[in-house]
Amino acid sequence: MVIVYRSNTGFTKEYAEMLGKAEKMKVCPLAEAQGKVGPGESVFFMGPLMAGHISGIDQAMKKFAVKGVCGVGMSPASQRTMDSMARANYVAGAPLFYLQGGWAPKKVGWLKRRMVNMVTKSTREALRSKGSRRSPEEEAQYQMLVKGGSFVAFENLEEIRAWLRGA
Ligand SMILES: Cc1cc2nc3c(=O)[nH]c(=O)nc-3n(C[C@H](O)[C@H](O)[C@H](O)COP(=O)(O)O)c2cc1C
């Protein structure tokens with residue numbers, strides 16, 4: 001199995017490379033997969049969430065035998081995040097995973113930055129009004145939404161690694 005990924009601001013790339021190194025798997029960006037990954041080859045696809053949609057998933061599904069999919073977003077991992085991702089990204093017969101990446105406002109164009117800021121406005125305001133009552137997790141999420149930041153961590157890959165070893 002090959003890890004094929006798409007990444008706009010680098011978080012998914014970091015996860016894909018970490019995972020490839022840990023599991024000794026070939027890693028290839030979707031844009032360079034032509035000629036490097038055979039058609040119909042088994043692929044674990046990783047892509048960033050954009051308005052709920054896993055970017056690149058359609059292209060990957062058309063070209064390869066996608067055996068598993070991972071969406072990388074800015075929200076903390078939760079059942080709610082998983083459920084909404086599963087509703088918007090149906091992948092027949094392949095398990096779906098979620099990883100929290102981060103938010104890099106300086107690496108995206110103004111329009112996308114504005115779109116994200118609009119979507120996260122109510123969360124930011126709710127967290128801001130909590131003030132010093134924010135839990136450490138909420139504080140980290142608040143700082144990331146306001147300034148940008150990364151939640152990429154090797155430990156987050158455990159569930160995917162366990163699945164890959166059994167696949
Ligand atoms: C236009 C746009 C839409 C986004 N939509 C979502 C979303 O629906 N859910 C989410 O969790 N994150 C969303 N994000 C945040 C990215 O998914 C997040 O920053 C991710 O870690 C980016 O991965 P990358 O660095 O590999 O591109 C969005 C970001 C942009 C720029």
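For ligands, and for the atoms within them, numbers begin at 1 and follow the listed sequence.
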Enquirer: Mind listing the closest non-hydrogen atom pair of W103 and V108 along with its distance?
Expert: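 In terms of heavy atoms, the two residues are closest at CH2-CG2, 3.8 Å.
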
Enquirer: Between I54, V108, V116, T120, flag the one that comes closest to atom 30 (C) of ligand 1 by a heavy atom.
Expert: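 Residue with the shortest heavy-atom distance to the ligand atom: V116.
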
Enquirer: Looking at ligand 1, does any of its N/O atoms fall within less than 3.5 Å of an N/O of S7?
Expert: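 S7 vs ligand 1: N/O contact under 3.5 Å present.
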
Enquirer: Heavy-atom count around E159 CD within 6.0 Å, excluding the residue itself: above 12?
Expert: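 No.
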
Enquirer: What is the closest protein heavy atom to atom 11 (O) of ligand 1, and at what distance does it sit?
Expert: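 Here the nearest protein heavy atom works out to M74 N, 3.0 Å.
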
Enquirer: Which protein non-hydrogen atom lies closest to atom 23 (O) of ligand 1, naming both residue and atom, and how far is it?
Expert: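 In this structure, atom 23 (O) of ligand 1 has P48 CB, 3.4 Å as its nearest protein heavy atom.
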
Enquirer: Can you tell me how the ring of F97 sits relative to the ring of W163, calling it parallel under 30°, perpendicular over 60° and tilted otherwise?
Expert: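 Taking W163 first and then F97, their aromatic rings sit tilted (interplane angle of 30° to 60°).
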
Enquirer: Less than 6.0 angstrom from the centroid, inside 45 degrees of the normal: does R128 satisfy that with respect to the ring of Y142?
Expert: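 No, R128 does not sit over the ring of Y142.
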
Enquirer: Is there a polar contact between ligand 1 and G52, counting only N or O atoms under 3.5 Å apart?
Expert: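 Yes: some nitrogen or oxygen of G52 is under 3.5 Å from one in ligand 1.
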
Enquirer: Tell me which protein heavy atom sits closest to atom 3 (C) of ligand 1, plus the residue, atom name and distance to 0.1 Å.
Expert: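 The answer is A51 N, 3.5 Å.
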
Enquirer: Considering non-hydrogen atoms of the protein only, which is the closest contact for atom 19 (O) of ligand 1, and what is the distance?
Expert: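 Heavy-atom neighbour on the protein nearest atom 19 (O) of ligand 1: G102 O, 2.5 Å.
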
Enquirer: Report yes if some N/O of G101 lies less than 3.5 Å from some N/O of ligand 1; otherwise report no.
Expert: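 It does not: no N or O of G101 is found under 3.5 Å from an N or O of ligand 1.
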
Enquirer: Counting heavy atoms only, which of L49, T12, T9, V72 is nearest atom 4 (C) of ligand 1?
Expert: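 Of the listed residues, L49 has the closest heavy atom.
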
Enquirer: Looking just at side-chain N and O atoms, do Q141 and Q100 make a donor-acceptor pair shorter than 3.5 Å?
Expert: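 Per modelled atom types, Q141 and Q100 side chains form a pair under 3.5 Å.
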
Enquirer: State, to 0.1 Å, how close L157 and M18 come at their nearest heavy-atom pair, and which atoms those are.
Expert: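 Taking L157 first and M18 second, the nearest heavy atoms are CD1-CB, 3.8 Å.
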
Enquirer: Could you check whether T120 and T123, counting side-chain N and O atoms only, form a donor-acceptor pair closer than 3.5 Å?
Expert: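 Absent: no donor and acceptor within the cut-off.
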
Enquirer: Under 4.0 Å from a heavy atom of M50: give me the atoms of ligand 1 that qualify, with their elements.
Expert: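 Per the distance check, 2 (C), 3 (C), 4 (C), 5 (N), 30 (C).
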
Enquirer: Report yes if K112 has an N/O atom closer than 3.5 Å to an N/O atom of ligand 1; otherwise report no.
Expert: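 No, K112 has no N/O under 3.5 Å of an N/O on ligand 1.
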
Enquirer: Who's the nearest protein heavy-atom neighbour of atom 27 (O) of ligand 1, and how far?
Expert: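 Of every protein heavy atom, N8 N, 2.7 Å lies nearest to atom 27 (O) of ligand 1.
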
Enquirer: Below 3.5 Å, N or O to N or O, backbone or side chain included: is there any such pair between F11 and ligand 1?
Expert: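 Between F11 and ligand 1 (N or O atoms, distance only) the closest approach is under 3.5 Å.
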
Enquirer: Work out which heavy atom in I54 is nearest to a heavy atom in N89; give both atom names and the distance.
Expert: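 Closest approach of I54 to N89, heavy atoms only: N-OD1, 2.8 Å.
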
Enquirer: Under 4.0 Å from a heavy atom of S75: which atoms of ligand 1 are those, numbered in the order shown and with their elements?
Expert: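 Going through ligand 1 atom by atom, the ones under 4.0 Å from S75 are 11 (O).
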
Enquirer: Answer yes or no: is there an ion pair linking E23 with R165, defined by an N-O contact shorter than 4.0 Å?
Expert: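 Between R165 and E23 there is a salt bridge, with a charged N closer than 4.0 Å to a carboxylate O.
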
